[in-house]
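See below for the structure under consideration.
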Amino acid sequence: MDKFFYITTPIYYPSAKPHMGHAYSSILADFFARFKRIQGYKVFFLTGTDEHGQKIQKAAKENGMDPKDFCDKISKTFFDLSKTLNLSNDDFIRTTELRHKKSVETLWNILEKKKEIYLSKYSGWYSISDEAFYSDDEIEDKDNKKISKISGSQVDWVEEESFFFKLSKWQKPLLKYYEENPNFILPESRKNEVVSFVKSGLNDLSISRKSFTWGIKVPSNKDHVIYVWLDALTNYLSALNYPDTSNIHYKSYWPASLHLIGKDILRFHAVYWPAFLLAANIEPPKRVYGHGWILSGEEKMSKSRGNILDPIEIIQNYGLDPLRYYLIKEVSFGNDGNISKDKLESCINSDLANNYGNLCQRVISFIEKNLKLNVPENYNFIAQDTKILKIYEDEFNKLVDSIDSQNINYYVNFVQNQLFVANKYFNDQEPWKKKGDKDRLNTILYVSLELIRKISIMLYPIMPNSTLKALKIFNITENIIDFNSIKNHEYLKINEKINKISILFKKIEKND
RNA sequence: CGCGGGGUGGAGCAGCCUGGUAGCUCGCAAGGCUCAUAACCUUGAGGUCGGCGGUUCAAAUCCGUCCCCCGCAACCA
């Protein structure tokens with residue numbers, strides 16, 4: 001029976017151009033998607049853009065553009081980014097699409113029919129840029145203006161009719177859901193935050209606005225636009241052809257396996273979203289993972305500090321795969337991490353060029369010179385060979401578990417460790433001194449090739465382009481990569497030719 | 001008492017939940033090797049785990065308290 005895996009990134013809000021944080025979320029999601037694919041799962045990987053709301057309407061107006069044209073333009077930059085990052089996403093959803101509109105309207109109607117929504121009036125201090133209301137003690141005066149203490153953005157007194165979602169009613173069911181699904185919110189530290197937030201009590205949620213028009217209209221009352229978050233979150237269903245719940249996509253992939261998001265939007269995903277779904281009698285997603293932020297050095301990236309690292313520019317200068325590797329390996333997943341050109345450069349030199357790239361190079365050129373690129377024959381494993389090869393067999397389940405629990409640093413550290421092991425093996429076995437002992441020489445080279453194959457497969461989800469280059473040695477193409485094959489030690493067939501490859505990663509000359 | 005994150009060898013981090021000789025990568029020093037992208041391998045130096053107090057046979061790890069840094073001022077992942 002087929003096994004299914006549905007992973008999503010947040011849909012990005014295209015009020016400005018993509019930055020490192022968007023790249024980070026997307027790259028991580030792609031890593032999981034690619035891993036599950038080579039593990040044999042049927043994967044659906046979704047990303048896209050969230051294009052409704054007052055901010056977009058306002059930004060469009062400032063640019064003298066129609067909101068839709070404005071969205072088309074900026075959404076394209078995010079679409080382009082997905083190409084630049086070599087994402088393997090199966091779909092790219094935009095909330096301005098008809099399929100999404102239908103999906104949101106259906107969800108709304110269900111909630112309304114189930115009496116989860118009621119019409120009332122909201123009055124309070126509202127911040128356009130935060131898209132949030134603040135209470136009296138959350139605002140202060142500054143320069144004759146009212147601003148939010150929390151965000152510092154300007155707030156205005158707003159009094160308007162609004163539809164409300166009976167969020168308060170779902171406090172207990174949510175807590176029960178968290179308890180019954182202890183891994184619904186990860187990492188654990190953030191789960192605690194969410195749980196205590198819910199425990200402290202939930203107010204009903206205003207889920208419509210009358211103050212602007214750019215969005216999906218409330219079906220039963222066209223004066224209202226549906227609240228951005230109710231609109232946006234539903235994208236995860238829309239892409240599966242919801243409301244057609246009998247279609248194969250929906251049946252296979254819902255509930256989502258993993259919503260990968262930044263920690264700042266955890267509340268929407270871990271509280272509101274499951275509440276909406278429970279209220280509509282739809283199964284909530286299996287997991288929401290709130291990752292940290294990427295900082296520049298010690299500080300948050302900001303234009304005023306001039307320490308911004310544009311992902312596009314980094315990729316142009318250093319290449320995509322090094323950036324992907326860096327973000328996945330150097331950042332302790334779940335925590336904030338930081339990136340600097342300096343650290344990226346030394347990561348490229350030591351991990352990629354010296355360690356992985358050089359391993360491939362030394363082994364292949366040795367085989368080229370001594371065996372004319374034939375697969376070594378008459379190999380005969382002795383204890384020191386099997387000991388190394390068997391590590392992959394022994395660790396296999398742990399590696400799979402580490403991915404399934406999003407403990408990706410364990411996985412990456414394992415690979416890095418095996419790179420050291422492989423280089424040490426080649427060093428210790430000294431094939432250059434074994435030219436008189438053909439059988440032993442062949443065995444050493446055979447084992448070395450196998451190590452390169454296993455390591456390259458493991459690195460594939462992180463660096464698809466570079467590892468596909470390396471796997472050309474063995475004529476392994478993307479469609480036949482099989483993670484399970486790292487357990488196998490006799491993959492290579494005698495009489496086959498292997499292929500020479502060019503240098504995988506060039507070292508960066510440091511001039512400081 | 002605003003909220004949250006954090007303080008572990010020169011740098012970046014893991015370990016803390018479930019106490020038991022302090023671990024990883026980079027950097028540094030010495031040696032080895034020469035197949036390879038001056039790459040690789042070995043060994044070594046370097047930390048009283050922010051301070052103080054407590055619990056314990058035993059604390060980076062648990063409890064209390066204090067100090068310091070960072071984000072919450074947007075390019076919201």
Side-chain angles (χ1 to χ4, degrees), chain A residues 9-13 15-29 50 55 129-131 137-138 142 147-153 188-190 192-193 197 260-266 268-269 290-295 297-305 308-311 329-332 335-340 342-343 345-347 349-370 409-410 412-413 416-417 419-435 441 444-445 448 502-508:
Chain A
T9 72
I11 46 173
Y12 304 115
Y13 203 62
S15 55
K17 69 172 187 171
H19 57 76
M20 193 59 84
H22 299 117
Y24 182 61
S25 287
S26 292
I27 286 169
L28 263 301
D50 169 17
K55 266 192 281 186
S129 64
D130 300 348
E131 281 166 345
D137 56 341
E138 286 175 320
K142 194 184 173 187
I147 63 162
S148 157
K149 279 184 194 169
I150 293 163
S151 67
S153 57
E188 187 125 354
S189 58
R190 284 197 235 296
N192 298 334
E193 283 176 43
F197 170 74
L260 193 61
I261 56 165
K263 63 181 182 183
D264 50 318
I265 54 173
L266 185 60
F268 304 104
H269 282 79
H291 67 237
W293 284 346
I294 304 303
L295 312 173
E298 285 297 303
E299 299 171 314
K300 187 165 178 173
M301 286 182 209
S302 91
K303 265 181 190 161
S304 55
R305 290 195 180 104
I308 193 162
L309 288 178
D310 175 14
K329 188 236 171 188
E330 289 294 322
V331 177
S332 174
N335 297 329
D336 290 355
N338 57 67
I339 183 169
S340 66
D342 208 45
K343 288 178 63 179
E345 284 175 6
S346 51
C347 175
N349 284 350
S350 47
D351 282 17
L352 299 181
N354 294 349
N355 211 349
Y356 177 53
N358 186 238
L359 173 71
C360 296
Q361 207 57 36
R362 70 195 299 202
V363 171
I364 298 306
S365 60
F366 195 94
I367 293 176
E368 183 189 13
K369 282 174 194 158
N370 294 281
N409 296 100
Y410 180 88
V412 183
N413 287 342
Q416 194 190 12
N417 234 333
L419 278 166
F420 291 132
V421 169
N423 269 311
K424 179 172 163 54
Y425 173 84
F426 203 75
N427 237 66
D428 292 352
Q429 298 305 318
E430 301 180 304
W432 48 92
K433 289 184 185 168
K434 303 277 164 56
K435 290 180 185 174
L441 179 67
I444 294 167
L445 298 177
S448 301
S502 54
I503 282 178
L504 293 176
F505 302 96
K506 282 192 192 120
K507 289 192 74 162
I508 313 253

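The figures here come from the full heavy-atom set of this structure, side chains too, leaving out hydrogens, waters and symmetry mates. Throughout, protein chains are lettered first and strands after them, A, B, ... in sequence-line order, and every chain is numbered starting at 1.
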### Message
Return whichever of A/F366 or A/S332 has its heavy-atom-nearest nucleotide of RNA chain B closer to the 5' end.
### Response
A/S332

#### Entry: Between B/C35 (P) and A/K435 (NZ): distance, integer Å
6 Å

Quick one: which protein N/O atoms are closer than 3.5 Å to N/O atoms of nucleotides 40-45 of chain B? Pair and distance per line, please.
{"residue": "B/C40", "atom": "O2'", "partner": "A/R362", "partner atom": "NH1", "Å": "3.0"}
{"residue": "B/C40", "atom": "O2'", "partner": "A/N427", "partner atom": "OD1", "Å": "2.8"}
{"residue": "B/C41", "atom": "O4'", "partner": "A/N427", "partner atom": "ND2", "Å": "3.0"}

### Message
Run the side chain to side chain donor-acceptor pair (under 3.5 Å) test against A/R362 and tell me which residues pass, sequence neighbours left out.
### Response
A/N423, A/N427

### Query
Checking all strands, does A/P431 fall into the base, sugar-phosphate, or nothing category for heavy-atom contacts under 4.0 angstrom?
nothing

### Message
I want to check one thing: is the phosphate of B/A77, taken as OP1 and OP2, less than 4.0 Å away from some side-chain N or O of A/H22?
### Response
yes

### Query
Within this structure, what is the OH-to-P distance between A/Y425 and B/C35, rounded to whole angstrom?
18 Å

### Query
Which of parallel (below 30°), tilted (30 to 60°) and perpendicular (above 60°) describes A/Y12 and A/H22?
perpendicular

### C1'-based separation of B/U56 from B/G20 [nearest Å]
12 Å

### Task
Give one of base, sugar-phosphate or nothing for A/I265, where a contact means two heavy atoms less than 4.0 Å apart.
sugar-phosphate

### Query
Across the strands shown, which category fits A/L504 at heavy-atom distances under 4.0 angstrom: base, sugar-phosphate, nothing?
base

### Message
Could you tell me how far apart A/E330 (CD) and B/A14 (P) are, to the nearest whole angstrom?
### Response
11 Å

### Query
With a 4.0 Å cut-off on heavy atoms, is A/K433 in touch with a base, just the backbone sugar-phosphate, or nothing at all?
sugar-phosphate

### Candidate nucleotides B/U37, B/G12, B/A77, ranked by approach to the side chain of A/N338 - the nearest
B/G12

### Message
Students often get this wrong, so: under 4.0 angstrom with heavy atoms, is A/G290 touching a base, only sugar-phosphate, or nothing?
### Response
nothing

## Note on the structure
Output row for RNA chain B, stems defined as at least 3 consecutive Watson-Crick or G-U pairs under 3.5 Å, is B:2-7 with B:67-72, B:10-13 with B:23-26, B:28-32 with B:40-44, B:50-54 with B:62-66

### Message
Counting the atoms with a prime plus P, OP1 and OP2 as sugar-phosphate, which does A/F426 contact under 4.0 Å by heavy atoms, base, sugar-phosphate, or nothing?
### Response
base

### Query
With sugar-phosphate meaning primed atoms plus P, OP1 and OP2, does A/N370 contact a base, only sugar-phosphate, or nothing at under 4.0 Å between heavy atoms?
nothing

### Task
For A/E188, answer base if it contacts any base atom (sugar-phosphate contacts may also be present), sugar-phosphate if it contacts only those atoms, and nothing otherwise; contact means non-hydrogen atoms under 4.0 Å.
nothing

### Query
According to a strict under-4.0 Å criterion, is A/K343 in side-chain N/O contact with OP1 or OP2 of B/U25?
no

